[in-house]
Enquirer: 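Take this structure, written in C-alpha cells, and hold onto it; I'll ask about it next.
Just so you know, residue 1 is the first one in the sequence shown, and it goes up from there. Note that ligands are numbered from 1 as they come in the structure, with each ligand's atoms numbered from 1 the same way.
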Amino acid sequence: MMVATTIRESDEILDSNSEDRSSQGSSVSQDQKSVPSSSDLDNTDAVIKGPEPKITDEVDAKKAPSPKPPTPKQRTKEDTTDGIAKLKMDEEEEEEVPKRRPRSQKKIMTDEQINTALKEMSSPGNAQDKYDIQKKLGAGASGMVCMAKCKESEEVVAIKMMDLNNQPKKELIITEIEVMKLYRHENIVNFLDCYYIDNDQLWVVMEYLDGGALTDVVTETIMKEGQIAAVCRECLKALQFLHNRDIIHRDIKSDNVLLGMIGAVKLTDFGFCAQLSAEKGKRDTMVGTPYWMAPEVVSRKQYGNKVDIWSLGIMIIEMLEGEPPYLNEIPLKAIYRIATKGKPDIKDEHKLSTELRDFIHKCLEVNVDARASAAELLEHPLLAKAMPLATLRPLIAAARNAIGKS
Ligand code: ATP
Ligand code: MG
C-alpha cells in the first residue's frame, strides 16, 4: 500500500519522500502569498480569519515557537483596555482591520503552556504501573500505538505513546484529546484516559479495535456494495454527530476508520478536527491528506463540514478500487487534478447499482451546496441495502491473512 501524505495545517508534508515534500512545500508557500492559511501553531480555533495576510506571522512562528511581540495592529487592540477606547477601536477595526478571533492567544502557546495543558488533561498516577504493554500495533506521525491490558480490570486497550520532545505539532495532540474526551459516540474511537509521563511522554489510552484500519480491507479484499453501504452508514452516523456539534473531522480516509471484529466501525484521528466558528461556520486552511481533499480545500476557498462528505466519497472509491484517485501521482499533481478535474472518474461505473452511483455523486459533488449533508445521506436508499456489520469480519480476516498480521 502506498503511504499517503498528510498535509498539516502548516502545509508541511509529513512524508519520507523528500522529492514530494520539496515540490509540495514550494507550491504551498506560493499559495500562501495569495491566500492566507493559519499558522502551524494553531489548530482548532485560533485561526486568523478573513483576508488578512499572515505570511510574516507564520514564518516567524515556525522559526521561533516562543511568544513574539504582537504586531502594531495586534498591540493596539490588545493593549486598549479602557472601555471607551476599546469600543472606538472596535468600531474602527470593523471598517478597516479584519478582526482577530478572541481566542487567538492559543496561537502563541509556548511549549511550557502546552505541556501544562497536557498535564492538566492527564490522570494522576503512573500508567506504566497500570498497564501491561502487549504488542505494537503500529506507528504514526505522533508516535507508536500499542495494545495493552489494564492490570486491574483486564480490559484490553490501545495506547498511543507520544514523545513530547519530538513533536512538531503539540497543539494537534491537545485537539485530539479534547475532541476524543468531549465527543463520545458509538462510531468514534472512545478515549479512556491519558497520562503525562516523566515530562516527556504522553500516553493516550483509548478503546482497542481488534480489526485494524479499513485500509487493510480496501487494499486486500473486494467489498460488496452492501458492505460498502454498511461502512458508509456507520461513518455517516459519526459525521452527523460531529457536524451537529460544528466539528469537521478534516481527515476522513480509510486509514482513519478502525474496525472491530464484531462489527464496529469507528472514526479516529481527531488531530485535525476544527471547530467552526459560530459566526462564519467556515475555515480556510489546507488540512488533511491531499488525495482525499475536497476541491474547495485544495483551491483554498473557505470550506465547511461538507469537506468530510467529499472525503467519504473518495473513501468509497477506495472501497471499490483499493485506492483513492491519483494516488500514483505526487501530492502536488493530485492537488492540481482535484482542483481542475472536479468529480473523479469511477472505474466501471456502469457496473454499480443506481443507488451506489447516486450516493457517490452526491458525495463527490463539486458544488458544495449541492453536495449532500451527512443527515441527507443517512436517508439515502443505498443504506437500505446495507449488509449486517458482521459480514465485515471475513474481510478483516482475509486482509490480515494477506498482509501477514496475526
Ligand atoms: P497520526 O500520528 O498522524 O495519527 P497514523 O494515523 O498513521 O498517524 P496512529 O493514529 O498513531 O497513526 O496509529 C498507528 C497505528 O495504530 C495505525 O495502524 C492504526 O491502525 C493503529 N491504531 C491506532 N489506534 C488504534 C486503536 N484504538 N485500536 C487498534 N489499533 C489502533
Ligand atoms: Mg492515525
Enquirer: Which residue is it: Glu234, Glu207, His185? I am looking for the one with a side chain to side chain donor-acceptor pair (under 3.5 Å) to Lys266.
Expert: Glu207
Enquirer: For the backbone of Glu323 and the side chain of Glu321, can you confirm whether one donor and one acceptor N or O come within less than 3.5 Å of each other?
Expert: no
Enquirer: Of all the atoms in ligand 1, which lie at a distance below 4.0 Å from a heavy atom belonging to Leu137?
Expert: 29 (C), 30 (N)
Enquirer: Could you list the atoms of ligand 1 found under 4.0 angstrom from a heavy atom of Ala158?
Expert: 26 (C), 27 (N), 28 (N)
Enquirer: Heavy atom to atom 31 (C) of ligand 1, shortest distance: which of Val204, Leu209, Thr289, Leu258 holds it?
Expert: Leu258
Enquirer: Less than 4.0 Å is my threshold; does some heavy atom of Thr268 fall inside it relative to ligand 1?
Expert: no
Enquirer: If we set the cut-off at 4.0 Å for heavy atoms, which region of Met147 has an atom near ligand 1: side chain, backbone, both, or neither?
Expert: neither
Enquirer: Return the CD1 to CD1 distance between Ile360 and Ile346, rounded to the nearest 0.5 Å.
Expert: 4.5 Å
Enquirer: Under 4.0 Å from any heavy atom of Met206, which atoms of ligand 1 are there?
Expert: 24 (N), 27 (N)
Enquirer: Within the 4.0 Å heavy-atom shell around Val189, which atoms of ligand 1 are there?
Expert: 27 (N)
Enquirer: Indicate yes or no for a side-chain donor-acceptor contact from Glu376 to the backbone of Ser373 under 3.5 Å, with no hydrogens or angles considered.
Expert: yes
Enquirer: Show me which atoms of ligand 1 lie under 4.0 Å from any heavy atom of Gly138.
Expert: 14 (C), 15 (C)
Enquirer: Within the 4.0 Å heavy-atom shell around Tyr208, which atoms of ligand 1 are there?
Expert: 28 (N), 29 (C)
Enquirer: Quick check: does any side chain N or O of Arg233 sit under 3.5 Å from a backbone N or O of Leu383, one acting as donor and the other as acceptor?
Expert: no
Enquirer: Does the ring of Phe241 carry Arg245 above it, NZ/CZ under 6.0 angstrom from centre and within 45° of its axis?
Expert: yes
Enquirer: Pairing donors with acceptors under 3.5 angstrom, does anything connect the side chains of Tyr291 and Arg337?
Expert: no
